[in-house]
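Everything on this sheet refers to the single structure shown next.
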Amino acid sequence: MATVLNVQNLSKNFGGLRALNEVDMRIDSGEIVALIGPNGAGKTTFFNCITSIYTPTEGEVRFTPKSGTESRINGMKPNLVTGLGMSRTFQNIRLFKNMTVLENVMIARHCRTKGGILGALLRTPAIRKEEQEIVDRSYELLKYIGLHRYYNDLACNLPYGEQRRLEIARALATEPSLLLLDEPAAGMNPQETASLKQLVLRIRDELDMAILLIEHDMSMVMSLSERIYVMEYGCMIAHGTPDEISKDPRVIKAYLGEDHA
Amino acid sequence: MDWDYFFELTLGGLTRGSIYAMIALGYTMVYGIIELINFAHGEIYMIGAFTGLLVAGVLGVYGFPALAILVIAAVVAVIYCSAYGYTMEKIAYKPLRNAGRLSPLISAIGMSLFLQNYVILAQTSDFLPFPALIPEFEFLDPIAHIFGSSDFVIVVGSALCMAALTLFIKYTKMGKAMRATAQNRKMAMLLGIDADRIISITFIIGSSLAALGGLLIASHVGQINFMIGFLAGVKAFTAAVLGGIGSIPGAVLGGLFLGLAESFATGYISSDYEDVFAFTLLVVFLIFRPSGIMGKAPVEKV
Amino acid sequence: MQELTKSLKVSLWFMFLTFPLMVVRVNTIEHTVEWRWMNMVYMAVGSFALSFVWRWALRRKEMAKAAPERPRNAFTERLGSDKRFTVSVYGGLFALFALMPWIVSTYQTNIFISFMLYVILGLGLNIIVGVAGLLFLGHAAFYGIGAYTYALLNHYYGIGFWTALPIGGVVAALAGVVLAFPVLRLRGDYLAIVTLGFGEIVRLVLENWSDLTGGPSGVSNISRPDLFGHHLSVAGANTYVYYIVLVMAIVTIIAVQRLKDSRIGRALQALREDEIACQAMGIDRVNVKLMAFGLGTAWAGFAGVIFAAKTTFINPASFTFFESAIILSIVVLGGMGSNLGVILGSAFLVLMPEYLRAFSEYRMILFAMAMVLMMIFRPQGLIAPKGRKYIINDPDLAATEGGKA
Ligand SMILES: Nc1ncnc2c1ncn2[C@@H]1O[C@H](COP(=O)(O)OP(=O)(O)OP(=O)(O)O)[C@@H](O)[C@H]1O
Ligand SMILES: [Mg+2]
């Protein structure tokens, strides 16, 4: 299987704080991989570094899109990383709150479309066609996620769980080869979590992409992921299949404290 | 090198700088506590000058002695500017405490325009002559041509004010509460500090300093109009940025630095571009060193 | 009763507050004092009454927060989407404006010219402030850049209006982009101050670079636009300028609306909503910010060229921060992001004081007050910008929802 993401020796310092310490990770195409760890372990920081929202202090991030060649992406502008085919959701929801649900998804089509200022002013047929395609494609995605009945509502008026799903729809609209989900089930009730699980599986199978998932809900992590990485204090302390991880003494220690080891 | 000229420029810069520092303190204290650029702060300074003018005018007509006029005018200007600062905060900023960053700033711009037009309507839009309130000191005679008594009063007076403010912030209970609120308002409130009161007091102190600054500079320059607050305000804000906005010693340093820089630039380069220097410093600092001469830049968390 | 004492206190406080400035007036030369006690009475009564309104409005705002989202006005909404209705309204308005110079006096034609100039300026600023969410306090400087571009090209090289019009727009847009470069990283309020500083620098340079710009006295004898090489009489030229502004205003309205609804416009709005998410969705923050500034200031440049051609005389005093603040207040009052709002805002600012003479003296103070009150009670402005609604014919949706969309 082809490698999609290959991270080596990734470190990130915030002043004196080492939020990531020589982290390695490898994701193959079509895999669902989970990244877990206690609060403040550095999981979100890892996402921010590989998507170039932060510039890593040291290390290598290599990314190979579905149809393309491997490239080194650390230090690249975040929008170019998205353009290459890596897309994410945010732990603290960052939707475009005062825009409609449909527009939120349409914005994510930006990097797959080309219309410029002149085209917008003149409304050439090519531009109209592109606009129509953006609308259609975005609506299709909303339907796929199951949010289409809200399409003309403002994003901030959606229920919390639906906002998280909209973030996923928005990320999908950039046509990623690797989808990064930062605690997608946070704040969801059990039914919502269950349908989210179905959704993640469907995305992987039907849309053919690798998924990296940060999640605190262990049942979800265990049942979804093929491999799990465990982080603590910025270090990758373990890595393996769900079975291996649930038996790993270091992981148990990290989660439950000394006594249980 | 012409040393006399150099000293003249230095002293002139010191006088200007002291005034900038006085006004800058108001910006910096407010910014420190509610992260708002109080755009209307310059107008408070202008109102201080106008109040002083009115008091001096009335007392002058009734034949009060100069020194008494100065003292009474200063007291009244301070009282009124505090009242204006307090009221302004209650009307234009308090209802916007939780409204993001831009709304209060626009409200502040509105307030600034409002106060300017209020003064135009209540008084005049023309320049008014301002009487010299500060008596001549004999001991300054030998250097009076470069450092007159009003310069002296400005420099010494503002130094005293700033010393008093520093002591207040450092040692009084209220000062400590202010510092706590500036660091973390939520936490301070949880610990029983009445944040609204602290904010009011901040506005009152800042406005008082601006009032004194306005009065002294008006007496020094000899004329005022409703526009003086805008330029003084932007320059004082520049001073606050130079020193690192939010920092009280920074505002003083920034004020002096800006005053000296302006004085030398106009003296040695060209006086046509006097105001351009200040604006250029402002722009350059905000762009390249927004945290001031000494500060560190914050990072946004994602 | 409690309410009454509250208002009484407020009234006393304002009597105290406004006492020196409103009551006392001294003449420092003749040493006389004038006491205007009536003002104090007006102040007392006014603040007493207004304090009731103020508290009522604050309470209402609190209540609105507790119960968000009132249903939209279905009737106006339906009217807005009725093609025939909108077309006839626009057609009527257009006819009215097209005939205007023949109906009203030259003086009033001038007022309408100035109204439409503010529409153009306001729409331009609205791209930057309303759509992209960047608080920009230097718009007048770019208006000035446009005006001086024409004035100087005309003065030194005899270049005509029609050549200068596009040049003025391009120069202002380039200047906007040049300003945007260094301010890319700045947060909202710092950005505002830098643009203010930049605007003032431009004005001060115009004022002091006397050899080139004529200094504070400005440039005079700028040519009026000519019609296919014919020179027009003063009145004729004025009417001609009116039509030029009218066409330009219409072009601006259409262009800005198209931009807002385009891929670029959406990116600008995304930038306003959340810069980081915007980048994560593949939008180049730098590009988009540069575009916002360039697109906004270009209109100021066009307006400047027309202004110079209309007045035939310009000086730096027309391009102060005060002017920027006026344009900003138009955008804020009208509704940030809403084109209709900007047009209404300009109408309030320019037309209302002309036709309600009693107001003209109080124009600016009312506007300033409105800016504060708007921020507190109606931050979205007179006309809240309507998010674009898309109409999608999805049979599945209609079946399951019974037409919720
Ligand atoms: N921009 C920043 N500046 C300084 N420190 C930061 C920054 N971002 C994160 N940190 C610190 O880095 C550490 C890791 O944070 P991170 O958000 O990556 O944790 P996390 O594993 O995502 O935790 P959680 O499960 O709570 O989301 C924390 O100590 C955090 O305070
Ligand atoms: Mg996290």
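Values below: all heavy atoms of this structure, side chains included; hydrogens, waters and symmetry mates excluded.
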**Request:** Heavy-atom distances under 4.5 Å only: say whether C:Thr18 touches chain B with side chain, backbone, both or neither.
**Result:** both
**Prompt:** If only atom types and distance count, is the side chain of B:Lys235 paired as donor or acceptor with the main-chain N or O of B:Ala278 below 3.5 Å?
**Reply:** no
**Message:** If I compare all heavy atoms of B:Ser200 with all of B:Lys90, which pair ends up nearest, and what's the gap?
**Reply:** OG-NZ, 2.9 Å
**Request:** Measure distances from C:Trp54 to the heavy atoms of chain B and classify the residue's part below 4.5 Å as side chain, backbone, both or neither.
**Result:** side chain
**Message:** C:Met22 vs B:Tyr118, test: side chain to side chain contact (heavy atoms under 4.5 Å, CB included). Steps then yes/no.
**Reply:** CA-CA 9 Å; C:Met22 300 258 300; B:Tyr118 162 68; 3.6 Å; yes
**Prompt:** Is it the backbone or the side chain of C:Leu373 that comes under 4.5 Å from a heavy atom of chain B, or both, or neither?
**Reply:** neither
**Message:** Which one wins on heavy-atom pair count under 4.5 Å against chain C: B:Phe237, B:Phe230, B:Phe50?
**Reply:** B:Phe230
**Fill in**
Residues B:Ser207 and B:Cys81: closest non-hydrogen pair is CB-O, 3.3 Å
**Fill in**
Taking every heavy atom of B:Ser107 against every heavy atom of C:Val372, the minimum-distance pair comes out as O-CG2, 3.4 Å
**Message:** Looking at B:Lys94 and B:Glu89, is there a salt bridge between them, counting it only when a charged N and a carboxylate O are closer than 4.0 Å?
**Reply:** no
**Request:** Pick one of side chain, backbone, both or neither for C:Phe16, based on which atoms fall under 4.5 Å of a heavy atom in chain B.
**Result:** both
**Complete:** If one checks every heavy atom of C:Leu21 against chain B at 4.5 Å, the contacting part turns out to be both
**Item:** Portion of C:Met336 that has a non-hydrogen atom of chain B nearer than 4.5 angstrom
**Value:** side chain
**Prompt:** Who wins among C:Leu196, C:Asn39, C:Thr195, C:Asp189 for the most heavy-atom pairs under 4.5 Å with chain B?
**Reply:** C:Asp189
**Item:** chain B contact via C:Val332 - which portion, at a heavy-atom distance below 4.5 Å
**Value:** side chain
**Item:** Contacting moiety of C:Phe367, where chain B heavy atoms sit under 4.5 Å
**Value:** neither
**Prompt:** Parallel, tilted or perpendicular: which fits the ring planes of B:Tyr93 and B:Phe203, with parallel below 30° and perpendicular above 60°?
**Reply:** tilted
**Fill in**
Comparing C:Ile193, C:Thr32, C:Val205 against chain B, the one with the most heavy-atom pairs below 4.5 Å turns out to be C:Ile193
**Message:** With chain C as the partner, which of B:Thr124, B:Val234, B:Ile91, B:Val284 has the greatest number of non-hydrogen pairs under 4.5 Å?
**Reply:** B:Ile91
**Asked** Is the closest side-chain heavy-atom distance between C:Met375 and B:Leu96 below 4.5 Å?
**Response** yes
**Structural part of B:Ala92 lying under 4.5 Å from a heavy atom of chain C** = both
**Heavy-atom pairs under 4.5 Å with chain C, option from B:Leu113, B:Val283, B:Leu286 with the top count** = B:Leu286
**Item:** Heavy-atom donor-acceptor pair, B:Gln116 side chain to B:Glu43 backbone, under 3.5 Å
**Value:** no
**Message:** Keeping B:Thr87 on the side-chain end and B:Ala83 on the backbone end, is there a donor-acceptor pair under 3.5 Å?
**Reply:** yes
**Item:** Toward chain C, the part of B:Ile287 with a non-hydrogen atom under 4.5 Å
**Value:** both
**Message:** Heavy-atom pairs under 4.5 Å with chain C: which of B:Thr51, B:Val76, B:Asp275 has the most?
**Reply:** B:Asp275
**Asked** At a heavy-atom separation under 4.5 Å, does C:Leu328 approach chain B through its side chain, its backbone, both, or neither?
**Response** side chain
**Message:** Looking at B:Gln123, is its backbone amide N or carbonyl O close enough to the side chain of C:Arg25 to form a donor-acceptor pair, meaning the two atoms are under 3.5 Å apart?
**Reply:** yes
**Asked** Got a donor-acceptor contact below 3.5 angstrom from the B:His41 side chain to the B:Gly233 backbone?
**Response** no
**Message:** Looking at chain C, which one of B:Leu105, B:Val241, B:Leu54 has the largest number of heavy-atom pairs inside 4.5 Å, strictly under?
**Reply:** B:Leu54
**Message:** What part of B:Thr280 gets within 4.5 angstrom of chain C, counting heavy atoms only: side chain, backbone, both, or neither?
**Reply:** both
**Request:** Just give me the residue among C:Arg36, C:Arg203, C:Met374 that pairs up with chain B most often, heavy atom to heavy atom, under 4.5 Å.
**Result:** C:Arg36
**Request:** May I ask you to name which of B:Phe285, B:Phe279, B:Tyr80, B:Phe114 has the most heavy-atom pairs under 4.5 Å with chain C?
**Result:** B:Tyr80
**Fill in**
Honestly, the part of B:Leu36 sitting under 4.5 Å from a heavy atom of chain C is neither
**Asked** Looking at side-chain heavy atoms only, is the closest gap between B:Leu258 and B:Phe277 below 4.5 Å?
**Response** no
